[in-house]
Amino acid sequence: MNLGIRAILYTVRKWKKTLLIFCLLLSITTLVLSGLAIVDAQEEQAEEVRGTTGASFTVERDISTGGWTSGYSTQEFMTDDMIKEIAAVDGIAGYDASLITLPRFFNDKGEAFVTVENFSYYCYGSYNSQYHELFLSGRFELVEGKHITDDMSNGVIISKELADRNNLKVGDTVTGIYYPENNTPAVDMEIVGLFDIVADKDDAVNMYDDSSYYDYSNYVFCSMEAAKGLIKGWGEDGDGISEAYYYVSDAAQLDSVIKEVQGISSVNWNNYKITSNDEVYQNISSSLSDTGTLVTTLIVVITVVSVVLIILILSMSVRSRKREMGILLAVGIAKPSVILQYILETALIAVVAFPLAYLSSRQVAGAIGTLFGKAAENVVVTPQHFAMVAVIGGILLIIAVIVSCIPALRFKPKQILSQME
């Protein structure tokens, strides 16, 4: 009788032991596969967090190194070329800067806008308004049209409330004047977008700025070229871009991006300073790392404990089969063949348990993932997980069988038979 048939017959005859090992393998493999799926979901979440936490850095004038004249710092303002050269560094996803003016706006009939409280507006000259803090924080939401971009020359975004009050829509042309009384330049601008105010004055979580003199509906965003046109010939000594904000695509690379920026030789870094802002990412990534470490540790512990249990069960089985082993050895069957039979017996159970564990883990992994704060639909057991567990699990089972056989194989066939008489 060859070892394959012997393995099958023993597995069927000792069905209780077979069922025990089957249930153990099914449970272990299901948990390990689910754990691997959770770890992958954790890594995907970490990658997503790295790109969406708003990790950024600010480049601003270092006024501590400059003098003061007539109330203004003599330190040089940031130039367009400097701002855009920094923005071209690999790893920077977007940038913006603000040139604040307080203009008045008029429609195509020369009539001043009807405002909520004040006659003038708090206007941000912007390169890329989507990266402005008011939009990134969620206080403002673009509801019509498009954002200001650095290739626009005369675009403007106003609040939907202001547009409704003045019967304006996307595509209309308005005129902005900084100081009409002083004959500052009139700048024609096209409304390219409308924003809605998400922040609530009664909701501190939404960060409505109650201390602001200007109602949020009177905030305006215009292209940087238009903003500079508003102050042309007026206030050049005191008005300009003092700081720019850069957002990185991968928060984990923030330090390396800043280091590369500091290596730009055309910028006189004695006059500017860089401040990083990744507090949100650091807090979240620390939490994610702790969860990932916990799940990985659980997988290792489950695997180690399970291997020990299997070795104990197999060792007890081998001890109860000493007579059988002695007969096999006495009739000339080599020890490696005996071990191979035992390995085959365990493999027959694993061949059934592993695929069933794959199917069961696909059903329960999501539920287990929710215990670690993961969305069930994001915890997916893949064929790659199964292949890895099947290979490593198979190797561990072989080792467990060999370890469990070592004590019994130290005896000679006659010794084994004599002990059983």
Side-chain angles (χ1 to χ4, degrees), residues 47-63 65 73 75-101 123-140 142 145-157 189 192-193 195 219-231 236 239-282:
E47 290 180 4
E48 182 179 350
V49 165
R50 285 161 58 178
T52 59
T53 52
S56 63
F57 63 93
T58 302
V59 179
E60 60 184 319
R61 293 194 302 163
D62 188 357
I63 59 176
T65 63
S73 170
Q75 200 65 274
E76 61 187 83
F77 288 103
M78 300 182 71
T79 65
D80 282 339
D81 290 341
M82 171 185 170
I83 292 171
K84 292 181 178 180
E85 184 176 6
I86 294 174
V89 170
D90 288 342
I92 294 179
Y95 71 102
D96 195 21
S98 294
L99 177 56
I100 299 173
T101 59
C123 179
Y124 287 101
S126 177
Y127 287 106
N128 296 284
S129 59
Q130 66 173 314
Y131 291 107
H132 193 281
E133 191 269 341
L134 287 169
F135 286 102
L136 286 177
S137 67
R139 280 177 277 183
F140 290 177
L142 189 74
K146 57 186 177 182
H147 274 288
I148 300 291
T149 57
D150 56 9
D151 58 354
M152 286 185 184
S153 59
N154 65 342
V156 65
I157 298 175
M189 307 179 201
V192 297
F195 68 85
Y219 277 42
V220 174
F221 301 84
C222 70
S223 58
M224 190 62 72
E225 186 175 332
K228 290 181 178 180
L230 289 171
I231 62 172
E236 290 94 340
D239 293 309
I241 301 175
S242 298
E243 57 185 25
Y245 323 101
Y246 298 90
Y247 299 86
V248 298
S249 54
D250 186 345
Q253 302 299 319
L254 179 60
D255 290 340
S256 61
V257 171
I258 290 177
K259 185 175 181 181
E260 187 173 350
V261 168
Q262 290 173 325
I264 298 176
S265 58
S266 61
V267 178
N268 182 2
W269 291 107
N270 292 324
N271 295 331
Y272 301 95
K273 62 181 180 180
I274 296 180
T275 305
S276 62
N277 177 24
D278 63 345
E279 182 178 354
V280 174
Y281 166 70
Q282 292 296 342

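What's counted below: heavy atoms across the whole structure, side chains too, no hydrogens, waters or symmetry copies. If you read the sequence from its start, that first residue is 1, and numbering goes on from there.
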### Query
Given Leu142 and Ile157, is the side chain to side chain contact (heavy atoms under 4.5 Å, CB included) satisfied, shown in steps?
CA-CA 9 Å; Leu142 189 74; Ile157 298 175; 4.2 Å; yes

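- With sequence neighbours left out, Ser223 forms a side-chain contact (heavy atoms from CB on, under 4.5 Å) with Ile148, Met152, Ala226.
- With Tyr131 contributing its side chain and Ala93 its backbone, the two residues share a donor-acceptor pair below 3.5 Å.
- Met78 places none of its side-chain heavy atoms less than 4.5 Å from the side chain of Ser242.
- The two residues Thr101 and Ala227 make their nearest non-hydrogen contact at CG2-O, 4.3 Å.
- Ring geometry for His132 against Phe221 counts as perpendicular: the plane angle is over 60°, on a 0 to 90° scale with 30° as the lower cut.
- When atom types are taken as modelled, the side chain of Trp269 and the backbone of Ile264 share a donor-acceptor pair closer than 3.5 angstrom.
- Closest approach of Glu243 and Glu60 over heavy atoms only: OE1-OE1, 3.3 Å.
- A donor-acceptor pair shorter than 3.5 Å cannot be found between the side chains of Asp81 and Thr79.
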### Task
Output, in order, the C-alpha distance, side-chain angles, deciding distance and verdict of side chain to side chain contact (heavy atoms under 4.5 Å, CB included) for Phe57 and Val248.
CA-CA 8 Å; Phe57 63 93; Val248 298; 4.3 Å; yes

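- There is a side-chain donor-acceptor pair under 3.5 Å between His147 and Ser129.
- Within a 6.0 Å radius of NZ in Lys84, more than 12 heavy atoms belonging to other residues, nucleotides or ligands are found.
- Separating the CD atom in Glu225 from the CG atom in Asp80 is a distance of 9.0 Å, to the nearest 0.5 Å.
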### Query
Can you list the steps and then say if Leu230 with Met189 is a side chain to side chain contact (heavy atoms under 4.5 Å, CB included)?
CA-CA 11 Å; Leu230 289 171; Met189 307 179 201; 3.9 Å; yes

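- When each of Val59, Thr58, Thr275 is checked for a side-chain contact (heavy atoms from CB on, under 4.5 Å) with Tyr245, only Thr58 meets the rule.
- The closest side-chain heavy-atom distance from Ile92 to Tyr247 is not below 4.5 Å.
- Every residue two or more places apart in sequence or in another chain that forms a side-chain contact (heavy atoms from CB on, under 4.5 Å) with Gln262 is listed here: Ile258, Ile274.
- Ring-plane geometry between Tyr219 and Tyr124 is classed as tilted, the angle between the planes lying from 30 to 60 degrees on a 0 to 90 degree scale.
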### Query
Do Ser266 and Glu85 pass the side chain to side chain contact (heavy atoms under 4.5 Å, CB included) test, and can you show the C-alpha distance, the side-chain angles, and the key distance before you say yes or no?
CA-CA 9 Å; Ser266 61; Glu85 184 176 6; 2.7 Å; yes

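- Between Leu99 and Ile231 the shortest heavy-atom distance is CD2-CD1, 4.0 Å.
- A donor-acceptor pair is defined here as one N or O able to donate and one able to accept, closer than 3.5 Å; such a pair exists between the side chain of Asn128 and the backbone of Tyr95.
- Residues Ile83 and Tyr246 form a side-chain contact, since some pair of their non-hydrogen atoms from C-beta on lies under 4.5 Å apart.
- Between Met224 and Tyr127, the shortest heavy-atom contact is CE-CE1, 3.5 Å.
- Here the straight-line distance linking atom CG of Leu254 with atom OG of Ser276 works out to 5.5 Å at 0.5 Å rounding.
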